[in-house]
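All figures in this text were calculated on a predicted structure; none of them were measured in a lab. Chain naming here is simple, since letters A, B, ... match the order of the sequence lines and numbering starts at 1 in each.
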There are 2 protein chains.
Amino acid sequence: MTDDVPPHSRRTTLADVAARVGVSAITVSRALRRPDMVSEPLRKRIAEAVGELGYVPDPAARALASRRSNVIGVIIPSITNNVFSDVLTGIYDTLEGTAYDIQLGNSRYNAAKEEALLRVFLSQRPAGLIVTGFDQSPAARRLLETAGCPIVQIMETGGNPVDMMVGFSHFDAAGAATRHLIAQGYRAPAFIGARMDPRSQRRFQGYRAATTEAGVFSEARVLTTADPSNVSLGARLFAELLARAPETDAVLCNNDDLALGVLFEARRQGMEIPGRLGLCGFNDLEMMACAEPPVSSVRTFRQQMGQQGSEMLLARLNGQEPEQRLVNLGYELIVRQSTLR
Amino acid sequence: MTDDVPPHSRRTTLADVAARVGVSAITVSRALRRPDMVSEPLRKRIAEAVGELGYVPDPAARALASRRSNVIGVIIPSITNNVFSDVLTGIYDTLEGTAYDIQLGNSRYNAAKEEALLRVFLSQRPAGLIVTGFDQSPAARRLLETAGCPIVQIMETGGNPVDMMVGFSHFDAAGAATRHLIAQGYRAPAFIGARMDPRSQRRFQGYRAATTEAGVFSEARVLTTADPSNVSLGARLFAELLARAPETDAVLCNNDDLALGVLFEARRQGMEIPGRLGLCGFNDLEMMACAEPPVSSVRTFRQQMGQQGSEMLLARLNGQEPEQRLVNLGYELIVRQSTLR
DNA sequence: CTCGCCTATGACAGCGCTGTCATTACTTGA
DNA sequence: TCAAGTAATGACAGCGCTGTCATAGGCGAG
């Protein structure tokens, strides 16, 4: 590799395109951003020149001049969690091809970190913001309220939205799953939860309300941890649960990873599902349908959350109002063999 | 805290900080970027003023003036694939807290899309670039070569690196797994692969070379599809494989999702693992250790790939040279019950 | 002492774009 | 017919920062 200074050609600017067409730079700028303000033939000639010169606008210059970047900030609590990678996919799919870039922040289930990310994002004057849930720190909440850009809170409903919101009720969803177990005749349904972030807490509350209502709630059958969720943890927690509450005849898991761990551990212990143990997961990841036996779960619409959230943002950024500011995507209880007695 | 903030407060600029301290803006800029160029006491006073005023640099202005953004572009072929979310985690963990922002692009296993993303990224004059593999389109390859910023290719070794590289040999890893199956006495090991992107192809080649060498290769025992991988697909492919090649006594799966599907399907069909069927996955996702029976897999160092790649980039961006430009992270065959006869 | 050199700081221009206001050439209604 | 629009384009001044070069002292060698 010869180290001759690369011909670091000056980048093609608006002015270059303008000179080529014989108009002023500002007209080219308008042809690109507000085509309706430029006459048809001129617009075509400009488009041609843009193509020939391979002109690409400089987002930094644009951001500086307009005091508004094309960045949409997205803050999620985890990248590896399947739930959020599905949400992200929805967001990327929707925002791709628009003028907006995504800036992803990982809050690691930590409100202080979320607040810090928010500050960083806001320093870029983002076009919009997508944040997870409504359990921001008070300071973060204030930052959101004065952000001066459209904001979508995803993953939940309720909680006095800052601006727009799309999600579902974790309380209701977990309640529905619990009532299903009870309706199947399980009299000692347990709850296994990991991570126990705010949404997990609300799922637990849904379980608690439903079991209490049916008179089958017992502290002994609740096993939660702040540790991050994974399959092995599900297996370990289930073993612990059995030791502590051997009467357990069903388990509602906070998510499908845990449920898969329970499935494996139950098999190791020779417990039949659903005969000896009912098992229900949460989120309905693809694998649940294919497991042996297939595992019941609460389907959540993760990709749609990302998609709709992004669409709401885009509507606002286009100066329209989204059809609804608050969207409840609901959930769907998917009953499979693992909970059929 | 008497400074009442007007509703549309002008953003705090370098000049504001400079005025407060009684120096010029450029000195403040230097105190922030090249502290060694500013005298100790002045540096301290500036730091104080920055704190008091809550000054945050404007990345757009910085990018415009320096002709270099603080964006590190990352292009991966999938967001949902566990493999890449692990890699991403490594990248985010490492780059977090540095001056750099990550811009994520999803190429969807599509070279044309990758090329398009590259163009978008390059228009922002990124500080650095992390791309997946070395199977770029010729045009993309040229873009990379003339990008004028440090570049790391991750996930693989070999292939005439553009600049820096960190990964492992998919060929070798799959070969090692295959030889293990053969060493265990399996005489009819099959290969199941989905997606079949370049890395999957190389894994298949590793399997093919090892089986051929041992004289146990058979076209009939190779079942691949371009469809995206998932657990159900693994189950379906395995069922199809059995119908076509009932003599199959072991399966090497292109990844662990497929392997999990095989595990479930084998159970459904009453085939004992490892007695009747040996099973080996690829990547060693956390769940493999916990499955029943535990499933052998080839461990890959996904998070480390992201981390090391980022560190190499950072070294370059700090004007140093990374210890090695080409890093082979290797792999580790994890033998568990599913392949023990 | 001087000269040259190094360190710490400043002045200035301009990165590529857009907001704002101005200008020109047409319409149009009564 | 003409005042009063409307549509299409342009001039200009920055946005907030950094690259570059200039400047002011301080210091050791000759």
Side-chain angles (χ1 to χ4, degrees), chain A residues 5 8-46 49-50 53-71 99 101 122-127 148, chain B residues 8-46 49-50 53-71 99 101 122-127 148 319:
Chain A
V5 180
H8 240 282
S9 49
R10 224 183 86 271
R11 100 178 258 141
T12 307
T13 70
L14 265 187
D16 299 329
V17 180
R20 171 88 154 223
V21 180
V23 294
S24 72
I26 187 68
T27 300
V28 177
S29 172
R30 279 197 282 252
L32 264 31
R33 291 179 304 142
R34 312 278 314 272
D36 53 300
M37 293 183 69
V38 176
S39 68
E40 166 83 36
L42 188 49
R43 207 187 319 157
K44 275 187 79 171
R45 283 169 51 213
I46 290 177
V50 164
L53 297 176
Y55 169 74
V56 183
D58 182 330
R62 179 173 282 182
L64 185 58
S66 66
R67 292 120 165 279
R68 170 66 66 230
S69 77
N70 69 336
V71 168
D101 287 336
L122 287 176
S123 84
Q124 305 189 43
R125 312 169 184 275
Chain B
H8 285 293
S9 57
R10 225 182 84 269
R11 107 178 252 137
T12 306
T13 70
L14 266 188
D16 299 329
V17 180
R20 172 89 154 220
V21 179
V23 295
S24 72
I26 188 69
T27 301
V28 178
S29 171
R30 278 196 282 251
L32 264 31
R33 291 178 304 141
R34 313 278 314 273
D36 53 300
M37 293 182 70
V38 175
S39 68
E40 166 84 37
L42 188 49
R43 209 188 317 158
K44 275 186 78 171
R45 285 169 49 215
I46 290 176
V50 164
L53 296 177
Y55 168 74
V56 184
D58 182 329
R62 179 172 282 182
L64 186 58
S66 67
R67 290 118 167 278
R68 171 66 65 231
S69 76
N70 69 336
V71 168
D101 287 337
L122 288 175
S123 82
Q124 305 188 43
R125 309 168 184 278

Quick note, A:Thr27 side chain, CB onward, closest among D:dG10, D:dG14, D:dA8 is D:dG10
| Are B:Thr13 and D:dC15 close enough that a side-chain N or O sits under 4.0 Å from OP1 or OP2? | no
Among C:dT18, C:dG16, D:dC17, the one nearest any side-chain atom of A:Leu14 is C:dT18
From CD of B:Gln124 across to C1' of C:dG16 the rounded distance in Å is 14 Å
By nearest-nucleotide position on DNA chain C, the 5'-leaning member of B:Val28 and B:Ala65 is B:Val28
Run A:Leu42 and A:Val21 through side chain to side chain contact (heavy atoms under 4.5 Å, CB included) and show every step you take. CA-CA 8 Å; A:Leu42 188 49; A:Val21 180; 3.9 Å; yes
Testing C:dC17, C:dT9, D:dT9 for proximity to the side chain of A:Asp58, the answer is C:dC17
Checklist entry - OP1 or OP2 of D:dG19 less than 4.0 angstrom from a side-chain nitrogen or oxygen of B:Arg33, does that happen here? => result yes
A:Arg34 atom CZ is separated from C:dT20 atom P, nearest whole Å, by 12 Å
Check your understanding: OP1 or OP2 of C:dT9 sitting under 4.0 Å from any side-chain N/O of B:Ser39?
Key -> yes
Among C:dG10, D:dT9, D:dG14, the one nearest any side-chain atom of A:Met37 is D:dT9
Between the CZ atom in B:Arg33 and the CD1 atom in B:Ile26, the distance rounded to the nearest 0.5 Å is 6.0 Å
Atom CD1 of B:Ile46 and atom C1' of C:dG10 are separated, to the nearest Å, by 13 Å
*D:dC15 phosphate, OP1 or OP2, under 4.0 Å from A:Arg67 side-chain N/O*: no
Between CZ of A:Arg45 and P of D:dA8 the distance, given in whole Å, is 15 Å
(Q) With hydrogens left out and only the distance checked, is there a donor-acceptor pair under 3.5 Å joining B:Arg30's side chain and the base of C:dG10? (A) yes
Quick note, salt bridge (charged side-chain N to carboxylate O under 4.0 Å, His left out) partners involving residues 35-45 of chain B, not counting sequence neighbours, are B:Glu40-B:Arg43
Rounding to 0.5 Å, atoms CG (B:Asn70) and CZ (B:Arg62) come to a distance of 7.5 Å
In whole angstroms, the gap separating C1' of C:dG10 from CG of B:Leu42 amounts to 12 Å
Ranking C:dG16, D:dT9, D:dG10 by distance to the side chain of A:Ser24, first place goes to D:dG10
task = With side chain to side chain contact (heavy atoms under 4.5 Å, CB included) as the test, would you mind laying out the steps for A:Val50 and A:Leu32 before giving the verdict?
result = CA-CA 10 Å; A:Val50 164; A:Leu32 264 31; 4.2 Å; yes
Testing D:dG16, C:dA11, D:dT18 for proximity to the side chain of B:Leu64, the answer is D:dG16
Atom CG of B:Asp36 and atom C1' of C:dC6 are separated, to the nearest Å, by 14 Å
Checking D:dG10, C:dG14, C:dT9 against the side chain of A:Ile26 (C-beta onward), the nearest is D:dG10
Practice item. Using only side-chain N and O atoms of B:Arg125, determine if any of them is under 4.0 Å from OP1 or OP2 of C:dG16. Key: yes
